[in-house]
Protein chains: 2
Amino acid sequence: MTLTVTNDRNLPDEALDRVFHALSDRTRRALIARLLEGPASVKELADPFPVTLPAIGKHLRVLEAAGLMHREIRGRTHICSLTPEALSDAASWLQTYRMFWEESLASLANEAERKEGD
Amino acid sequence: MTLTVTNDRNLPDEALDRVFHALSDRTRRALIARLLEGPASVKELADPFPVTLPAIGKHLRVLEAAGLMHREIRGRTHICSLTPEALSDAASWLQTYRMFWEESLASLANEAERKEGD
DNA sequence: GTAATTGTAAACCAATTGGTATACTATAAC
DNA sequence: GTTATAGTATACCAATTGGTTTACAATTAC
């Protein structure tokens, strides 16, 4: 297998940097998980977490900057919703490597099986 | 769609933190891309990059800590190879959200088409 | 043996991170 | 109009990051 990866799709590096960085924090991943159930205000999002509102505010801006989330301001509350495109970009990048790891995992499994058979 | 995400698979948070963090740097992603073509020594990996060898050494340790890479020491050279499991873990996490974003993207496309038709 | 090569270790640096507390703005409720 | 609520802004903090330079250890080549 020689899969010459030339950064095909033009997902710019900066965008991928931001998306993967956004996903690298467990609080932000939990926020995404919560938003998956539907839109929510900043307060609602912050409540389950042991950190202050400003901290959650920062996390939300990181998610927004990565294009993973957007907000609609309604009076004094900000309604946050997931934006699917950016997540899809990250998945696309990983997709490039899917063939590699599936094949690798398969051969690892075969090897294990072969040893089992000894 | 109400996909109640309860962190099903037991990919521990720390592991996902490390994997996504490892992927959040473009130099490290490029190193992964290079390793996809086959194992390589630290020197070979470092050569194409405009940074020093110790810097690449650090990146490789980050990849190793994330479980994305391993090395076999042969004399004075370290032969680095990808480890597929960790990448697969990241992909699995994203997979959880696949249904969401595919549906969302589809409805966005529909909307665009509908507007086109006006 | 001496010199070159491969790589890590350690010390340092500026920038970023995730968090806080406090102050503030703006909307909503009474 | 006063008070409570939702959220941001700012200033600060300690820890981490990505990079450097210099020094070092170990293997290989001559």
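Any value given below was found using the heavy atoms of this structure, including those in side chains, with hydrogens, waters and symmetry copies removed. These numbers come from a predicted model, not from an experiment. The chains referred to below are lettered A, B, ... by the order of the sequence lines, with proteins before strands, and numbering in each begins at 1.
- Here A:R61 pairs with nothing under the salt bridge (charged side-chain N to carboxylate O under 4.0 Å, His left out) rule; sequence neighbours left out.
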Using atom types as modelled, flag every donor-acceptor pair under 3.5 Å from a side chain in residues 47-60 of chain A to any protein atom, sequence neighbours excluded.
from	atom 1	to	atom 2	distance (Å)
A:H59	ND1	A:R28	NH1	3.1

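- Atoms NZ (B:K43) and C1' (D:dT27) sit 15 Å apart, rounded to a whole Å.
- For the pair B:R34/B:L45, a side-chain contact is recorded, criterion being any heavy-atom separation below 4.5 Å from C-beta on.
- For A:R76, there are no side-chain hydrogen bond (donor to acceptor under 3.5 Å, both in side chains) partners, not counting sequence neighbours.
- Contacts classified as salt bridge (charged side-chain N to carboxylate O under 4.0 Å, His left out) and involving residues 62-71 of chain A (residues at least two apart or in different chains) are given here: A:E64-A:R71.
- Considering all non-hydrogen atoms of both residues, A:C80 and A:V42 come closest at SG-CG2, 4.1 Å.
- Residue pairs meeting the salt bridge (charged side-chain N to carboxylate O under 4.0 Å, His left out) criterion with at least one partner in residues 15-24 of chain B, sequence neighbours excluded, are A:R26-B:D17, A:R29-B:D17.
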Please encode protein proximity along nucleotides 14-21 of chain D as a string of B, S and -, counting only heavy-atom distances under 4.0 Å.
---SSBBB
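- The separation between B:R61 atom CZ and C:dA10 atom C1' is 11 Å, rounded to whole Å.
- Of the candidates B:L31, B:V62, B:I32, B:L68 forms a side-chain contact (heavy atoms from CB on, under 4.5 Å) with just one, namely B:I32.
- Within residues 70-78 of chain A, the residues approaching DNA chain C are A:G75, A:R76, by heavy-atom distance under 4.0 Å.
- Whole-Å rounding puts the A:R26 CZ to C:dG18 P distance at 12 Å.
- Rounded to an integer number of Å, the gap from A:L60 CG to C:dG19 C1' is 15 Å.
- Here the P atom of nucleotide C:dG19 and the CD1 atom of A:I56 are 7 Å apart, to the nearest Å.
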